[in-house]
2 protein chains.
Amino acid sequence: MALECRDGGVDVKCSLCGAPAVFERKFSGIKLCRRCFMRSIEDKVRWTIGKYKLLERDDYTLLAVSGGKDSVVMMHIMAKIESDFPEASLIAVTIDEGIPGYREVGFKIASKNAKLLNIPHRVFSFKDFYGYSLKEIVEIAERKGIPYHACTYCGVLRRKILNVKAKELGVTKIATAHNLDDEVQTIFMNIVRGDVNRMIRVLSLESIKHPGFVPRIKPMRLIPEAEIALYAYFKGIDFYTVDCPYSQTSLRNEFRVFINEFEKKHPGMKFSVISFFEKISNLLLNSMPPLQLKECKYCGEPSVKDVCRACELLEELGLLDF
Amino acid sequence: MALECRDGGVDVKCSLCGAPAVFERKFSGIKLCRRCFMRSIEDKVRWTIGKYKLLERDDYTLLAVSGGKDSVVMMHIMAKIESDFPEASLIAVTIDEGIPGYREVGFKIASKNAKLLNIPHRVFSFKDFYGYSLKEIVEIAERKGIPYHACTYCGVLRRKILNVKAKELGVTKIATAHNLDDEVQTIFMNIVRGDVNRMIRVLSLESIKHPGFVPRIKPMRLIPEAEIALYAYFKGIDFYTVDCPYSQTSLRNEFRVFINEFEKKHPGMKFSVISFFEKISNLLLNSMPPLQLKECKYCGEPSVKDVCRACELLEELGLLDF
């Protein structure tokens, strides 16, 4: 948590360098000055990349950047890390789903930060790729009485564009800015939905090697959301906080509130949850046959079934246009 | 939830028999009269026993009975089920840990209900078995500065007496009255502690076959706590609600509150959690080598390590007296 500078009248010192501390990491008790705090975040991302072997020295990585704080901070940290690896390179990609009044600010921020960091920045839109914006797709689904939420279309169709464009760009990894809180919330959501198959599918995807599937990495998955926000604030990074008009936040928000209250009382709980599922995941992955991907009969993209989920959704809407 | 008998001025009818309903099961929408509600609980216990193959037709089952509502209801339901299986038999066992002012009421209720149901009832005490009551053990631990909580000694030492006495009595199964809420709370507690090893140990114990280890079953694990309380109320069963003076309830209670609030908003969530971990458990158990039990070098009881946990705790206290 961000610290007041005086603790009982005495300056609180950074546990590492003795400078005035501005932050206390509750689960470890460590107090940090601004500089050491920021370095600790960058080091944690470096550590995550190393421990999980997320990147090779010569990877060409697509950073999926919405313009929100997590993805903008990821750009800054990845740019810093990449500067130590001359053979590595980065490109930022923003997907324009077509959500009027929502994405515009994000684009500007993503583009501004990409320029600042000297990272090429590309924008790809649902409209250009699929022929329809998310807004149009949601309206068609509503007219047809198809009960999926906008988030279903958005997630599936966005991941498909990213994979296709990653291959066109010659990219070798796709990095998303999921943070520790996102990961813990997702775990709890899968549990209360009883959805083991989804968890296993995601795990299997993470471990899959397939020529048509660009591996996805989450270098920020061990950084708490609040620390990313503080990093952005210290770094003076602009980000936007407009909520998506379609956002389906109720279940995730319930967990956000509970998990944050719980973390306050039991600091370190978020890491324990991640650690629990990491151990289970390793056991499960070792016990399962590797996932076999086919090629979607419509678009040729890698798919578990004969038709990929994106084409399946579009077909149901009568929008499949291959 | 228990129903008011009038819903907008119209009597609510039992979904099964049309009699006035007294209870609505939120996750299924089914409304039940008193008789159908009670039968549904008994049928669910029967179903649990059948689905998980908890009992054979000729099992001699030890019912671990504290006198609390869960264990007393278990006695009543198990007596009813057992009456259909002439080769099966039951015995109720209460462990007197030695917690002054706490257990006495429980004994009387356990004994009264056992008599009523014509089930033999035996009491075994820590004092007779180990030479020390739980109160004495906790005092010694405090004097020695050993940081374990009373619940650690209580649980480990109680399970050991149950296993030893079960074998002396010639019993083939030990049934405990854990309910759905207990199970879901335990799952969440293991998750936030990151304690996969504990979960796997418990799973492995459940599946283990070892001549010195009497299998433990939980026939009530799919019955929500609130439904057990309502069953006890309808059946006119006395039970006591005194809290154990040692009870370490903070973490479990936090989850109890959260889970119950969550279940209200998302009926059926408790079952989803159980189902999630059942699927994971099956996958994990299939992928693991079976747990090999040794015999404790002090007491001969089955143990994962050379010394069983009970002897280890007593040795640390200087109380090992074999």
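Just so you know, these numbers use all the heavy atoms, side chains as well, and skip hydrogens, waters and symmetry mates. Labels below follow one simple rule: chain letters A, B, ... track the order of the sequence lines, proteins then strands, and each chain is numbered from 1.
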TODO: Please flag which part of B:Phe277 lies under 4.5 Å from any non-hydrogen atom of chain A: side chain, backbone, both or neither.
DONE: side chain
TODO: State, yes or no, whether a side-chain contact exists between B:Leu283 and A:Leu283 at a heavy-atom distance under 4.5 Å.
DONE: no
Open item on the list: Donor-acceptor pair, distance only, cut-off 3.5 Å: does the side chain of B:Lys279 make one with the backbone of A:Asp195?
Closed with: no
Open item on the list: How about OH on B:Tyr148, more than 12 heavy atoms from neighbouring residues, nucleotides or ligands closer than 6.0 Å, or not?
Closed with: no
Open item on the list: Using a 6.0 Å cut-off, check whether atom CD of A:Glu295 has over 12 heavy atoms from anything other than its own residue.
Closed with: no
TODO: Heavy atoms only: give me the nearest A:Gly194-B:Ser275 pair and the separation to one decimal.
DONE: O-OG, 4.3 Å
- [ ] Starting from the C-alpha separation in whole Å, work towards a yes-or-no answer on side chain to side chain contact (heavy atoms under 4.5 Å, CB included) for B:Glu254 and A:Glu261.
- [x] CA-CA 10 Å; B:Glu254 280 177 46; A:Glu261 278 179 15; over 6 Å; no
Task: Qualifying residue, where the test is side-chain contact (heavy atoms from CB on, under 4.5 Å) with A:Val192 and the options are B:Glu263, B:Lys270, B:Met269 - done: B:Met269
Task: Mutual orientation of the aromatic rings belonging to B:Phe258 and A:Phe258 [parallel < 30°, tilted 30-60°, perpendicular > 60°] - done: parallel
TODO: Mind telling me whether A:Phe188 and B:Phe188 have parallel, tilted or perpendicular rings, with 30° and 60° as the class edges?
DONE: parallel
- [ ] Could you tell me which of A:Ile280, A:Val196, A:Ile187, A:Asn190 has the largest number of non-hydrogen atom pairs under 4.5 Å with chain B?
- [x] A:Val196
